[in-house]
Amino acid sequence: MLNLDHLNPQQQEAVRTTEGPLLVLAGAGTGKTSVITYRVAWMLNHGVAPENILAVTFTNKAADEMRERLKNLLPQVDHKTMAVSTFHSFCCRVLRAEVHHLGYTRRFGIADASDTEGLIKQVMGEMGISKGDLDVNFFKNGVSHAKNNLQTPEEIRSNSKRDWAATLAELYERYQRHLRNMNLLDFDDLLLQTLNLWKQHGDVLARYQDRYQYILVDEYQDTNKVQSELMRTLAGERRNICVVGDDDQSIYGWRGADITNILEFPNIFEGTRVVTLEQNYRSTNVILKAAGHVINRNESRHAKQLWSTRGEGDPIRVFEADNETEEAQLIARMITQLTYEQRSGHGDMAILFRSNFQTRPFEQSLRDANIPYCIVGAKSFYERREIKDAVAYLRLVHNPRDDLALLRVLNTPPRGIGDKSIDNLKQYQQITGKPILELMHSEDVLKDMQPAAAESLRCFASASDDAAKTFSEVGGLAEKIHGYLDSMAYLEGLGRIYKGHEEGVARLENVIEFVNSAAQYEARIGGTATLQMFLEAFSLTDDSERIDDQSEEDTGVTLLTVHAAKGLEFPYIFIVGMEQNLFPHERSIQDYMVDEERRLFYVAVTRAKNNLIMTRARQRQKYDKRYPTRLSQFIHELPKELVEFPEVDEFFSPATGNQVDDVFSQLRTRFS
């Protein structure tokens with residue numbers, strides 16, 4: 001018999017409630033994974049056949065973990081017949097068996113992101129859509145949004161008054177026609193076509209409803225409209241559906257998640273039993289009270305009050321630094337102090353930030369202090385594509401014979417220089433042995449190109465010549481870099497390619513931070529920096545200061561965005577950049593999406609087990625200027641009795657302060 005004695009009363013109630021609709025509101029750190037696993041095990045122990053259970057998660061990792069836990073709980077059960085998978089994997093299995101009802105064959109292929117983009121570009125060409133305000137990403141996201149919200153092309157055409165609605169509807173129709181002709185489904189189609197199958201073929205739906213009599217959905221706050229409708233349809237009249245989630249941790253609205261799915265679940269399924277898990281097993285009560293006090297400001301939420309038996313804990317501490325460099329240096333010094341006193345290891349600490357561009361000064365400070373670190377959910381600042389592009393532009397100015405750099409940026413952003421033109425240049429280079437940039441100045445070479453491509457090559461070569469003259473003079477390095485990237489249309493190109501989307505904003509912010517690093521480098525060496533010196537310093541940092549492989553016991557300090565931190569926990573959490581317009585982000589304030597930003601802050605706070613430290617910079621650099629900042633509104637929303645604003649020196653104890661200062665002597669010199 002399954003023993004539930006170690007579960008608290010609310011967890012036991014959720015495990016034992018197997019019939020009818022059930023909403024489990026699982027607050028942060030309340031043992032949701034245990035509840036899900038034990039609930040499935042309870043059903044298996046009480047006569048439910050494994051093949052009659054469907055458990056849906058959002059990641060393969062979560063699905064694998066659930067399977068492993070079930071094997072350990074009930075090793076005698078044949079788990080292979082039970083469906084534990086992601087939404088997309090489950091729907092793909094359904095379609096492999098049934099897609100012929102929709103006119104596809106079972107050998108259909110799955111179009112990945114690059115296939116989708118290429119096909120949309122092809123359709124744009126067929127429709128004569130020129131590169132302008134409506135770019136490929138606009139249409140790609142428009143089609144995906146329509147599918148995830150169950151909108152047909154005709155509904156887009158008739159329900160929207162936007163100028164682009166008819167164009168998007170026609171492109172959507174053509175795009176789907178091409179997919180069907182090629183027997184392809186994209187990722188959104190795996191979900192949408194499964195729902196269409198069930199809606200159009202009641203006999204097929206009845207078979208799946210008869211098989212999957214008990215449904216469990218994890219992370220329900222992250223579902224979109226089509227995912228919610230899929231599960232509602234499959235549940236049918238039995239309505240044996242259990243959804244687990246936390247509306248306070250709904251932070252993916254920007255990629256289609258619909259928080260109303262979990263908020264309205266009791267209304268959609270009349271008679272829903274609601275079980276709220278409030279006992280937290282992760283954090284101290286100070287952390288939980290602070291998080292709860294802030295999130296209570298959001299009106300649209302299910303009420304819950306987290307508590308813990310781990311004691312009150314230390315107060316939350318907020319430190320201020322003069323700028324982002326000193327902020328990063330302060331964090332590195334604190335980490336050195338904590339590890340020196342053996343209060344915590346590097347692997348017990350995480351630095352959370354709102355946007356990826358913020359990582360650069362922290363990477364630099366951690367490297368200089370010889371602190372091991374790893375980056376989760378994002379590439380190292382120095383390895384990101386847009387940073388490598390910016391460096392390639394500069395390498396080409398410094399060394400016009402650098403063909404690798406030129407080919408990387410020649411059509412980045414797109415300039416109408418096609419593959420045929422680039423192949424012609426490569427062939428000329430092989431014949432003559434001359435650098436490609438030199439060939440681009442030759443009218444004998446350009447006359448064999450298409451007129452538009454030839455003109456683009458002339459403009460590129462001319463701009464490169466002008467930049468070489470500009471960089472030959474000493475001084476104003478950051479301003480020159482910014483002006484050069486702007487003259488090559490790279491900054492404007494990032495905004496155009498990813499217009500209005502999170503990815504484009506993040507990439508542009510990273511390039512701005514790269515320009516900031518040039519200004520800081522120039523300031524450190526007294527304003528005499530040359531492009532060659534900066535590129536050399538950048539290359540040496542990138543190549544020679546790699547972090548050594550870390551042991552299993554201490555994997556290094558973790559750097560990650562708050563979005564990537566969801567589901568993780570650390571004894572020490574540093575939330576950096578706590579400034580208005582950074583966290584909460586200025587776009588969220590402008591778009592009246594502060595509620596989601598507040599949920600994001602709630603997620604950040606509840607990652608901390610024992611200690612929570614927040615920092616802000618009084619001023620930040622943008623290009624070659626510094627601007628004052630304001631303290632984040634979320635700091636003001638914290639309960640005053642739970643927060644301290646100590647002076648920086650108060651963190652460091654007299655007993656170890658001298659030793660820490662010795663460790664940081666090189667760091668101070670470098671940043672002085």
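Residues: numbered from 1 along the sequence shown.
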J.: When you check the side-chain N and O atoms of Q429 and Q427, is any donor under 3.5 Å from an acceptor?
T.: no
J.: Flag yes if more than 12 heavy atoms outside D423 fall under 6.0 Å of its CG atom; otherwise flag no.
T.: yes
J.: Judged by modelled atom types alone, do S442 and D444 share a side-chain donor-acceptor pair under 3.5 Å?
T.: no
J.: If you round to the nearest 0.5 Å, how far is NE2 of H201 from CG of L102?
T.: 5.5 Å
J.: Near K420 NZ, under 6.0 Å, is it more than 12 heavy atoms from other residues, nucleotides or ligands?
T.: no
J.: Would you compute the distance between atom CG of L560 and atom CD1 of I351 and round it to the nearest 0.5 angstrom?
T.: 9.5 Å
J.: Do the numbers put R255 on top of the ring of Y252, so that NZ or CZ is under 6.0 Å from the six-membered ring centre and no more than 45° off the axis?
T.: yes
J.: Would Y212 and F90 count as a close aromatic pair, with their ring centres under 6.0 Å?
T.: yes
J.: What distance do L494 atom CG and E509 atom CD have between them, rounded to the nearest 0.5 Å?
T.: 11.5 Å
J.: Would you call E455 and R458 a salt bridge, using N to O less than 4.0 angstrom?
T.: yes
J.: Are more than 12 heavy atoms from other residues, nucleotides or ligands located less than 6.0 Å from atom CG of D419?
T.: no
J.: Should R354 and E579 count as an ion pair when the cut-off is N to O under 4.0 Å?
T.: no
J.: With distance as the sole test, does D186 use its side chain to make a donor-acceptor pair with the main-chain N or O of A111 at under 3.5 Å?
T.: no
J.: Among all residues two or more places apart in sequence or in another chain, which pass the side-chain hydrogen bond (donor to acceptor under 3.5 Å, both in side chains) test with D188?
T.: S144
J.: Hey, are Q520 and Q364 close enough side-chain-wise for a donor-acceptor pair under 3.5 Å?
T.: no
J.: Do E126 and H178 get their side chains close enough for a donor-acceptor pair, meaning under 3.5 Å?
T.: yes
J.: Please tell me whether F514 and Y393 form a close aromatic pair, meaning their ring centres lie under 6.0 Å apart.
T.: no
J.: Would you compute the distance between atom CG of L190 and atom CZ of R93 and round it to the nearest 0.5 angstrom?
T.: 12.0 Å
J.: Can you tell me how far apart CG (D258) and CG (N149) are? Round to the nearest 0.5 Å.
T.: 7.5 Å
J.: Is the centre of the W254 ring less than 6.0 Å from the centre of the H563 ring?
T.: yes
J.: Please state whether the rings of H482 and Y623 are parallel, tilted or perpendicular, taking 30° and 60° as the class boundaries.
T.: tilted
